[in-house]
Amino acid sequence: MTPETLRVILDIFAYFLCLHITFCFLVMVAGRRVLHTYNAGVYENPQNMFQRASTFCTIAVIGIGPYLNKRFMKYSWIVRKTLMLSSIMILSLVYVMVYYIVKNILEMIFL
């Protein structure tokens, strides 16, 4: 594997992680307006293979933002936003660590 190919793979992985953080922030800021779009792609009890695939892809791409929002709905508005912001900061740190771990592992294997 060439260094350019490895760089492209790492860029796609970084984009994927940034997409999760961005959607978490968007859920924090826009709330229900964004979650209506999310709920359009997720089936509660998928009955067939198409519904299962659609639900899996939506959850995989969008990430943890709607899950955190659902967990924090029992708190007041200001506490919910504070918890969401702190979760985004913690998630950002975790994703940076995961990125560098994956980067080092891929470099050890392929370069």
Side-chain angles (χ1 to χ4, degrees):
M1 181 179 295
T2 65
E4 293 83 19
T5 307
L6 184 62
R7 187 74 215 153
V8 168
I9 291 170
L10 288 173
D11 287 346
I12 291 171
F13 185 66
Y15 169 75
F16 184 72
L17 295 178
C18 288
L19 184 65
H20 282 238
I21 297 295
T22 304
F23 197 78
C24 280
F25 185 74
L26 195 59
V27 167
M28 184 187 81
V29 172
R32 291 185 186 150
R33 298 215 183 247
V34 175
L35 291 176
H36 286 303
T37 306
Y38 170 78
N39 290 332
V42 174
Y43 295 94
E44 285 295 320
N45 295 316
Q47 300 298 323
N48 56 28
M49 193 61 157
F50 171 74
Q51 291 177 347
R52 288 186 186 120
S54 172
T55 301
F56 175 77
C57 290
T58 303
I59 292 172
V61 169
I62 291 180
I64 198 168
Y67 172 76
L68 290 175
N69 188 54
K70 187 186 289 186
R71 296 285 290 186
F72 298 148
M73 284 303 283
K74 61 185 170 187
Y75 300 109
S76 68
W77 182 84
I78 191 72
V79 172
R80 185 170 58 240
K81 299 300 178 183
T82 306
L83 287 172
M84 198 70 167
L85 185 61
S86 63
S87 296
I88 290 170
M89 288 189 289
I90 292 169
L91 197 60
S92 298
L93 291 174
V94 168
Y95 280 173
V96 167
M97 288 189 289
V98 166
Y99 174 79
Y100 281 112
I101 289 170
V102 168
K103 178 184 174 192
N104 289 334
I105 290 172
L106 287 176
E107 285 177 351
M108 284 185 341
I109 292 173
F110 295 113
L111 295 180

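Along the sequence shown, the residues carry numbers beginning at 1. Just so it is clear, the values below take in all heavy atoms, side chains as well, and ignore hydrogens, waters and symmetry mates.
- Rounded to the nearest 0.5 angstrom, Phe16 CZ and Ile21 CD1 are separated by 11.5 Å.
- Distance check, rounded to the nearest 0.5 Å: OG of Ser86 to CE of Met28 gives 10.0 Å.
- Closest non-hydrogen pair, Tyr38 versus Ile62, comes out as CD1-CD1, 3.8 Å.
- Looking only at side-chain heavy atoms (C-beta outward), Pro66 and Phe23 come within less than 4.5 Å of each other.
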Fill in: side chain to side chain contact (heavy atoms under 4.5 Å, CB included) between Leu6 and Lys103, worked out
CA-CA 9 Å; Leu6 184 62; Lys103 178 184 174 192; over 6 Å; no
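- Annotation: side chain of Leu17 is not in contact with side chain of His20 (no heavy-atom distance under 4.5 Å).
- No donor-acceptor distance shorter than 3.5 angstrom exists from the side chain of Thr55 to the backbone of Arg52, with no hydrogens or angles considered.
- Cluster membership check: Met49 does not share its hydrophobic cluster with Tyr43, using side-chain heavy-atom separations under 4.5 Å among Ile, Leu, Val, Met, Phe, Trp and Tyr.
- Asn69 places no side-chain N or O within 3.5 Å of a backbone atom of Gly65 that could act as its donor or acceptor partner.
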Practice prompt. Let me see the working for Tyr67 and Ile59 under side chain to side chain contact (heavy atoms under 4.5 Å, CB included), right down to the final yes or no.
Written response: CA-CA 9 Å; Tyr67 172 76; Ile59 292 172; over 6 Å; no
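- Linking Ile, Leu, Val, Met, Phe, Trp and Tyr residues whenever their side-chain heavy atoms come within less than 4.5 Å places Val29 and Leu83 in a single cluster.
- The line from CZ of Arg80 to OH of Tyr75 is 11.5 Å long, rounded to the nearest 0.5 Å.
- With hydrophobic clusters built from ILVMFWY side chains whose heavy atoms lie under 4.5 angstrom apart, Ile12 does not share a cluster with Val102.
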Worksheet item: Given Phe110 and Thr2, is the side chain to side chain contact (heavy atoms under 4.5 Å, CB included) satisfied, shown in steps?
Response: CA-CA 8 Å; Phe110 295 113; Thr2 65; over 6 Å; no
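- Smallest separation of non-hydrogen atoms from Met84 and Val27: CE-CG1, 3.7 Å.
- In this structure, CG in Asn39 is found 7.5 Å from NE2 in His36, a value given to the nearest 0.5 Å.
- Phe13 CZ: more than 12 foreign heavy atoms inside a 6.0 Å radius.
- Proximity of Leu10 to Tyr99: side-chain heavy atoms (C-beta onward) are separated by under 4.5 Å at one or more points.
- Partners of Leu93 under the side chain to side chain contact (heavy atoms under 4.5 Å, CB included) rule, at least two apart in sequence or in another chain, do not exist in this structure.
- Note: the hydrophobic cluster containing Ile88 also contains Ile78 (ILVMFWY, side chain heavy atoms under 4.5 Å, direct or indirect links).
- Going from atom CG of Leu85 over to atom CD1 of Ile90 covers 10.0 Å, rounded to the nearest 0.5 Å.
- With Ser54 contributing its side chain and Phe50 its backbone, the two residues share no donor-acceptor pair below 3.5 Å.
- If you chain together hydrophobic residues whose side chains sit under 4.5 Å apart, Leu68 and Leu19 never meet in one group.
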